[in-house]
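Take a look at the structure below.
If you're wondering where the values come from, they're calculated on a predicted model, not measured in any experiment. So you know, we letter chains A, B, ... as the sequences are listed, proteins then strands, and number each from 1.
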2 protein chains.
Amino acid sequence: MYAQASAKIELPSYLPHQSPVPVFDGPATPVSFFTAGAEIYAQGEKAGALYQVEFGAVRIYRLLADGRRQISAFHLAGETFGFEADATHHFFAEAINATGVRVFRAPSGTDMSRQLLPLALKGLTRAQEHLLVLGRQNAIERVAAFLVEMSERQGGLRQVELPMSRNDIGDYLGLTIETVSRVFTRLKEKGVIRLLSLRSIEILKRDTLLAMGE
Amino acid sequence: MYAQASAKIELPSYLPHQSPVPVFDGPATPVSFFTAGAEIYAQGEKAGALYQVEFGAVRIYRLLADGRRQISAFHLAGETFGFEADATHHFFAEAINATGVRVFRAPSGTDMSRQLLPLALKGLTRAQEHLLVLGRQNAIERVAAFLVEMSERQGGLRQVELPMSRNDIGDYLGLTIETVSRVFTRLKEKGVIRLLSLRSIEILKRDTLLAMGE
DNA sequence: CGGCCGCTTGAGTAGTATCAATGTTCGTGG
DNA sequence: CCACGAACATTGATACTACTCAAGCGGCCG
């Protein structure tokens with residue numbers, strides 16, 4: 001459907017908060033460009049490569065047979081994804097916006113354990129913390145936790161860029177798009193946040209937000 | 001509160017389905033015994049050791065300030081846990097029943113990456129799959145997925161031992177104890193499962209259960 | 001055998017999903 | 001640069017699932 005595009009990519013307005021340091025010492029690999037919605041890899045595909053976001057954002061997700069979707073992670077500029085427990089991808093990866101991804105393929109025989117372990121452990125901790133959000137928090141708490149997380153991942157600034165749609169946020173938080181929208185409205189009414197645009201919010205009461213996200 | 005007990009441990013009726021192979025080649029370490037409810041480590045404690053379940057079962061969890069609890073994982077005989085992204089434990093670990101745990105401490109300077117990476121990746125995949133359950137499945141689907149998971153981890157047998165209480169199951173699935181109980185009743189009424197005892201079920205219609213758990 | 005803890009069952013409610021309509025934004029082409 | 005259309009987001013009304021509160025049951029241990 002969507003193919004890789006190598007021309008006419010608009011640069012997003014937000015920049016990497018984490019400098020994209022190569023994952024391992026190897027030959028410089030080219031950057032692949034993906035348009036909004038383009039698939040980077042699919043569940044069931046053969047795995048093996050590592051992917052580092054240069055700019056843009058990526059969603060990692062799984063589907064149920066009836067189409068219900070759970071996004072297990074977003075990856076922003078500087079972050080690495082794509083490692084798997086076996087030779088197969090267990091998830092889908094898609095570009096959310098126009099996105100640049102650097103692909104690394106370790107020469108066969110190379111042991112990447114030392115480089116990969118910290119990334120895997122970081123991901124594991126983040127996933128387990130997200131389990132608490134999905135299992136035990138209500139809609140307001142989930143959205144608050146999400147906004148705090150996005151803020152911290154963007155350097156803790158007041159202004160937070162949300163590269164993803166309300167639909168993506170819902171599928172990340174286990175909520176419907178309508179509920180996400182209503183919570184945003186309530187947070188606005190309470191003066192906790194302000195919407196600069198649909199994809200850009202300003203945090204006015206950080207403490208309140210932190211307390212909500214628990 | 002609960003201290004390590006070294007005497008009068010009852011052996012549980014279920015056996016390891018996975019032989020407890022030492023995690024790394026090192027001096028044989030003794031087995032620590034924990035009574036039901038005993039803490040193995042706490043959130044905030046200094047991490048560093050690895051733990052392998054010899055017999056019994058362990059729950060890994062986090063708490064919210066108001067006491068809500070999310071169990072992120074159960075570990076059965078043969079499984080290894082306790083590795084962290086940094087030097088601090090981010091979760092609590094408790095024995096569910098009388099449990100034997102072998103503790104490994106790598107000599108300082110040892111690089112365990114090769115051994116740990118597959119474990120971390122396995123845990124990451126399992127956590128991400130659990131996100132789908134918590135985020136997008138209803139009560140019946142969650143319980144069905146749980147029973148299938150427990151069955152598979154015990155060798156795919158018809159009879160499944162549940163070492164944990166309904167409360168633990170609820171906190172793992174993001175449900176209340178009452179809802180878990182009601183779902184068990186419905187599954188019984190539908191002839192999908194049969195309760196041999198509170199902690200032991202027989203799967204009568206595996207296909208139905210698989211379809212429910214998606 | 002009695003008491004306690006864990007489990008089950010029931011009634012009522014809160015919170016989120018669903019369905020539906022309206023409003024807004026953004027990208028395209030005139 | 002503006003107008004249009006499609007996709008995305010918000011708002012409202014209603015339904016339904018799972019939670020809360022409460023009472024009763026049952027197995028297990030002392």
Side-chain angles (χ1 to χ4, degrees), chain A residues 1-2 5 8-10 12-13 35-37 59 64 66-70 96-98 133-144 161-189 193-201 212, chain B residues 8 10 12-13 35-37 59 64 66-70 96-98 133-144 146 162-189 193-201 212:
Chain A
M1 194 68 66
Y2 292 94
K8 287 219 292 180
I9 298 293
E10 286 173 37
S13 56
T35 53
R59 58 180 169 245
L64 290 173
D66 61 5
R68 282 175 288 177
R69 182 179 71 158
Q70 177 64 41
I96 293 175
N97 299 112
V133 175
L134 294 191
R136 286 298 177 216
Q137 298 199 292
N138 63 28
I140 296 195
E141 293 170 326
R142 292 183 201 201
V143 172
E161 304 302 320
L162 306 176
M164 70 292 288
S165 67
R166 299 286 184 274
N167 211 337
D168 286 340
I169 296 174
D171 283 351
Y172 179 64
L173 297 178
L175 300 172
T176 59
I177 177 178
E178 292 95 333
T179 298
V180 172
S181 185
R182 280 184 248 269
V183 171
F184 269 89
T185 302
R186 287 188 59 186
L187 290 176
K188 273 191 295 182
E189 287 168 355
I193 61 169
R194 196 162 69 90
L195 259 66
L196 307 174
S197 75
L198 276 179
R199 302 284 175 96
S200 179
I201 68 149
M212 284 173 166
Chain B
K8 287 220 291 181
E10 286 174 38
S13 57
T35 53
R59 56 178 170 247
L64 290 173
D66 61 5
R68 281 175 288 176
R69 182 178 72 157
Q70 177 64 41
I96 293 176
N97 299 113
V133 175
L134 295 191
R136 286 297 178 216
Q137 297 200 291
N138 64 29
I140 296 195
E141 292 169 328
R142 292 183 200 202
V143 172
F146 169 72
L162 306 176
M164 69 292 287
S165 67
R166 299 285 185 275
N167 210 338
D168 285 340
I169 297 174
D171 284 351
Y172 179 64
L173 298 177
L175 301 171
T176 59
I177 178 177
E178 293 95 332
T179 299
V180 172
S181 186
R182 279 185 247 269
V183 171
F184 269 88
T185 301
R186 287 187 59 185
L187 290 176
K188 274 191 295 182
E189 287 169 355
I193 63 169
R194 196 161 69 90
L195 260 66
L196 306 174
S197 76
L198 276 178
R199 302 282 176 99
S200 179
I201 68 150
M212 282 173 167

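Rounded to whole angstrom, the span from the CZ atom of B:Arg136 across to the P atom of D:dT17 amounts to 16 Å. Distance, A:Leu195 CG to D:dC8 P: 17 Å, rounded to whole Å. Computed from coordinates, the B:Asn138 CG to D:dA15 P distance equals 20 Å when rounded to whole Å. Atom CD1 of A:Ile169 is separated from atom C1' of D:dA9 by 11 Å (rounded to the nearest Å). Following rounding to the nearest Å, A:Ile177 (CD1) and C:dT25 (C1') show an atom-to-atom distance of 14 Å. Per the geometry, CG belonging to B:Asp66 stands 15 Å off P belonging to D:dC19, to the nearest Å. Rounded to an integer number of Å, the gap from A:Asn97 CG to D:dC8 C1' is 14 Å. Across the protein-nucleic acid pair, B:Asp168 atom CG and C:dC5 atom P stand 17 Å apart, rounded to whole Å.
Of all heavy-atom pairs between A:Ile96 and A:Pro163, the closest is CG2-O, 3.3 Å. In this structure, A:Leu175 and B:Arg136 approach most closely via the heavy-atom pair O-NH2, 2.8 Å.
For the pair B:Asp66 (side chain) and B:Arg68 (backbone), a donor-acceptor distance under 3.5 Å is present. Remark: side-chain polar atoms of A:Arg142 are paired, donor with acceptor, to backbone N or O of A:Leu134 under 3.5 angstrom. Side chain of A:Arg166 to main chain of A:Leu198: a donor-acceptor pair is present (N/O by atom type, distance under 3.5 Å, no hydrogens or angles). Checked by atom type and distance alone, the side chain of B:Glu141 never pairs as donor or acceptor with a backbone atom of B:Val133 at under 3.5 Å.
Residue A:Gly170 is out of contact with every strand shown, counting any heavy-atom pair closer than 4.0 Å. Across all strands, B:Ser165 comes closer than 4.0 Å only to sugar-phosphate atoms, never to a base (heavy-atom distances). At the heavy-atom level, A:Ser197 lies nowhere under 4.0 Å from the strands shown.
Remark: A:Asp168 engages A:Arg69 in a salt bridge, criterion side-chain N to carboxylate O under 4.0 Å.
In this structure, of D:dT11, D:dC19, D:dA22, it is D:dA22 that holds the atom nearest to the side chain of B:Glu178. Distances were taken from every side-chain heavy atom of A:Leu175 (C-beta onward) to each of D:dA9, D:dA22, C:dA17; the shortest belongs to C:dA17. Taking every side-chain heavy atom of B:Arg182 into account, D:dT20 is the closest of C:dC19, D:dT20, D:dC8.
Axis angle between the ends of the helix from C:dC1-D:dG30 to C:dG30-D:dC1, five pairs each and rounded to 10 degrees, works out to 40°.
In this structure, A:Arg59 is not positioned above the aromatic face of A:Tyr172 in the sense of NZ or CZ being under 6.0 Å from the six-membered ring centre and within 45° of the axis.
Map A:Gln137 and A:Leu198 each onto its nearest nucleotide of DNA chain C; the residue landing nearer the 5' end is A:Gln137.
For the pair B:Thr179 and D:dT17, the criterion of a side-chain N or O lying under 4.0 Å from OP1 or OP2 is not met. Between B:Ser181 and C:dT8 there is a side-chain polar atom (N or O) within less than 4.0 angstrom of OP1 or OP2. Between A:Arg199 and D:dA9 there is a side-chain polar atom (N or O) within less than 4.0 angstrom of OP1 or OP2. Residue B:Thr176 has a polar side-chain atom (N or O) positioned under 4.0 Å from OP1 or OP2 of D:dC19.
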